[in-house]
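Structure first, commentary second.
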Amino acid sequence: MNTNRIRTLKPEPGKALSGRGPVVYWMSRDQRAEDNWALLFAQDEAVRAKVPLVVAFCVVPSFLGATAAQYAFMLGGLREVEERLLDKNIHFDLVTGDPGDRIPELVKAYGARCLVTDFDPLRVKRAWKKAVSAAVNTAFFEVDAHNVVPCWIASDKQEYAARTLRPKLTKLTPEYLEEFPRLKRHPFELKGGGPPVDWQGAERWVAKHTPAPPPSSPRARPADGAPAGREADAGQDARPTPGTSRARRVLARFLAHGLALYDRRRNDPNAHGTSSLSPYLHFGQISAQRVALEVGRSRVNRRAREAFLEELVVRRELSDNFCFYNPHYESVRGFPDWAVKTLSSRLKDRREYVYSLGELERAQTHDPLWNAAQAQMLTTGRMHGYMRMYWAKKILEWTESPEEAMRAAGYLNDTYELDGRDPNGYAGIAWAIGGVHDRPWPGRRVFGTIRYMSYDGCKAKFDVEAYIRRYAVERD
Ligand SMILES: Cc1cc2nc3c(=O)[nH]c(=O)nc-3n(C[C@H](O)[C@H](O)[C@H](O)COP(=O)(O)OP(=O)(O)OC[C@H]3O[C@@H](n4cnc5c(N)ncnc54)[C@H](O)[C@@H]3O)c2cc1C
């Protein structure tokens, strides 16, 4: 393992003060037992010290607007993590509450030798780590187990665009894109560890503490030709089943049937031409590095592979870079100067349509294509990538200000997308509304020089009517 993946958040306090208990891995973003650099590092440390290994996950009562649907997906994946760890003689703990309190309590209760966690650029996670670091009396390490090239190594500043990050990643990738060692059966057993996780209790706790999805969702008509009621894990029409094994199956299916045509079909929302891996990648149920390794080994044509890796590696890691170095990643303050200027100069432009958040949420606009995209998200927990761009740009067009557009897009994305609350979402919305990672385009009303997208432009690209029929909203 390349040790540049590891950062010390708190050095060892000295041998006399270090605990003699297990190494604890506080699992957060990378919720999997395989292909997880943070877990592998924690195991190496535990083996070196000849002590047991404990993995702990802390479920928080509210997380950036996540609702019961996202919590259910996460808990489903964590159940599988527990099973797999048990097989490897590694104890799994699920605790609930504020990680700033619960993780230090756990570290103290175990007399942990050291604490390891995974990397996340989001502000809330960084605040938790700061609190944990201040409260524990043990060495504390962070490992970037999410990016192929660790975020702080890929670049030491916010990148302007994919074109400025891409050459850095290309240079560094050979150093980091290595095969994962297997997680070993851990040779040191935890004596007197707690009982297995009470999953039903955890589900009850989540149901009690987290918001249910807002009741305003319209009913989507059963999709024409869509595999309604049947699970279509490689498609976009069913809510996906969680877990690493399922993620692996989705990947296998994509490698066999989707990847070869990715560069030609990915922008057609009717074609089911993308991988559908984002919820699994978001919750860390599959490693992006594993996906990149398998794609690299695939025999499909180079153009398709490169087009896919551009999204999976360059765009995804660019999003982490944005959130890591720009503290205002979800607001207008995070936009580049040229975008702030051009949007301000258009504030007084007359908006042809203005919708409230409730109308947007209920898919009640004059535009059937936008309504269909919103309905796809409400009913399936995901929206096709091409439609996400159109969807966010129309929110800018139909609200009174870019600030309001950012609030509405952020709220809807984080509440309803299974893969929401992710750097990709913050960067995607900031791209669509605020020109982040983009450049000025010919000017127009409301948008100024922010890139525009239109209904007619979509019509020229794909069968808009078919998409509308597929997700049409039924109204009482
Ligand atoms: C307004 C807007 C909001 C978005 N919100 C989210 C979000 O909340 N969560 C999220 O994961 N992605 C988001 N994206 C990025 C992208 O649309 C999704 O990652 C993609 O549609 C997921 O489908 P897929 O897994 O089939 O992607 P594929 O096309 O198969 O791509 C494979 C993987 O590459 C990454 N990827 C693909 N496109 C992008 C991109 N444009 N930027 C960064 N990474 C990318 C994702 O991890 C994706 O799973 C958003 C984009 C926009 C424009």
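Note that these values count all heavy atoms, side chains included, but never hydrogens, waters or copies made by symmetry. When a ligand or atom number is given, it counts from 1 through the structure's own listing order.
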(request) Output yes when the distance from some N or O of ligand 1 to some N or O of W391 is under 3.5 Å, and no in every other case. (result)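 W391 vs ligand 1: no N/O contact under 3.5 Å.
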(message) So, regarding I429 and ligand 1 (criterion: nitrogen or oxygen to nitrogen or oxygen, under 3.5 Å), is there a contact or not?
(response)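 No, since none of the N or O atoms of I429 sits under 3.5 Å from an N or O of ligand 1.
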Need the ligand 1 atom indices (1-based, order shown) with element for anything under 4.0 Å from a heavy-atom of [X].
X    : result
G420 : 8 (O)
G385 : 17 (O), 21 (O)
L312 : 34 (O)
A392 : 1 (C)
S319 : 43 (C)
R315 : 40 (C), 42 (N), 43 (C), 44 (N)
R316 : 43 (C), 44 (N), 47 (O)

Specify side chain, backbone, both or neither for [X], according to which of its non-hydrogen atoms lie closer than 4.0 Å to ligand 1.
X    : answer
E417 : neither
S278 : both
Y262 : side chain

(request) Check whether any heavy atom of A432 sits under 4.0 Å from an atom of ligand 1. (result)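 Contact absent.
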(message) With the threshold set at under 4.0 angstrom, would you say M389 reaches ligand 1 through any of its heavy atoms?
(response)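 Within the 4.0 Å threshold, so yes.
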(message) Any heavy-atom pair between the side chains of K157 and F324 that's under 4.5 Å?
(response)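 Heavy-atom side-chain distance check fails, nothing below 4.5 Å.
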(message) Check whether T164 reaches the backbone of A161 with its side chain - one donor and one acceptor, N or O, closer than 3.5 Å.
(response)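 Indeed, once roles are kept as given, a pair shorter than 3.5 Å links the two residues.
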(message) Looking at V148, is its backbone amide N or carbonyl O close enough to the side chain of E317 to form a donor-acceptor pair, meaning the two atoms are under 3.5 Å apart?
(response)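 Yes, E317 side chain to V148 backbone: donor-acceptor pair under 3.5 Å.
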Of [options], which has the heavy atom at the shortest distance from [atom]?
atom                    : options                : value
atom 24 (P) of ligand 1 : P279, G425, A288, S276 : S276
atom 32 (C) of ligand 1 : W431, F308, Y280, Y426 : F308
atom 7 (C) of ligand 1  : D414, I433, D419, L318 : D419
atom 45 (C) of ligand 1 : H282, E311, H272       : E311

Pairing donors with acceptors under 3.5 angstrom, does anything connect the side chains of [X] and [Y]?
X    : Y    : result
D30  : N36  : no
E82  : W199 : yes
E361 : Y411 : yes

Please output the side-chain donor-acceptor pairs of residues 255-269 that fall under 3.5 Å, not counting sequence neighbours, one pair per line with the distance.
| unit_1 | atom_1 | unit_2 | atom_2 | d |
| --- | --- | --- | --- | --- |
| R266 | NH1 | E311 | OE2 | 3.0 |
| D268 | OD1 | N270 | N | 2.8 |

(request) Enter the distance from E352:CD to R445:CZ here, rounded to the nearest 0.5 Å. (result)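 So the gap between those two atoms works out to 5.5 Å.
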(request) Using the test side-chain hydrogen bond (donor to acceptor under 3.5 Å, both in side chains), find all partners of D349 that sit at least two apart in sequence or belong to another chain. (result)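 R346.
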(request) List the atom of M383, the atom of A373, and the distance in Å for their closest heavy-atom pair. (result)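 That closest heavy-atom pairing would be CE-O, 3.6 Å.
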(request) List the atom of N2, the atom of E178, and the distance in Å for their closest heavy-atom pair. (result)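 Shortest heavy-atom separation between N2 and E178 comes out as N-OE2, 3.3 Å.
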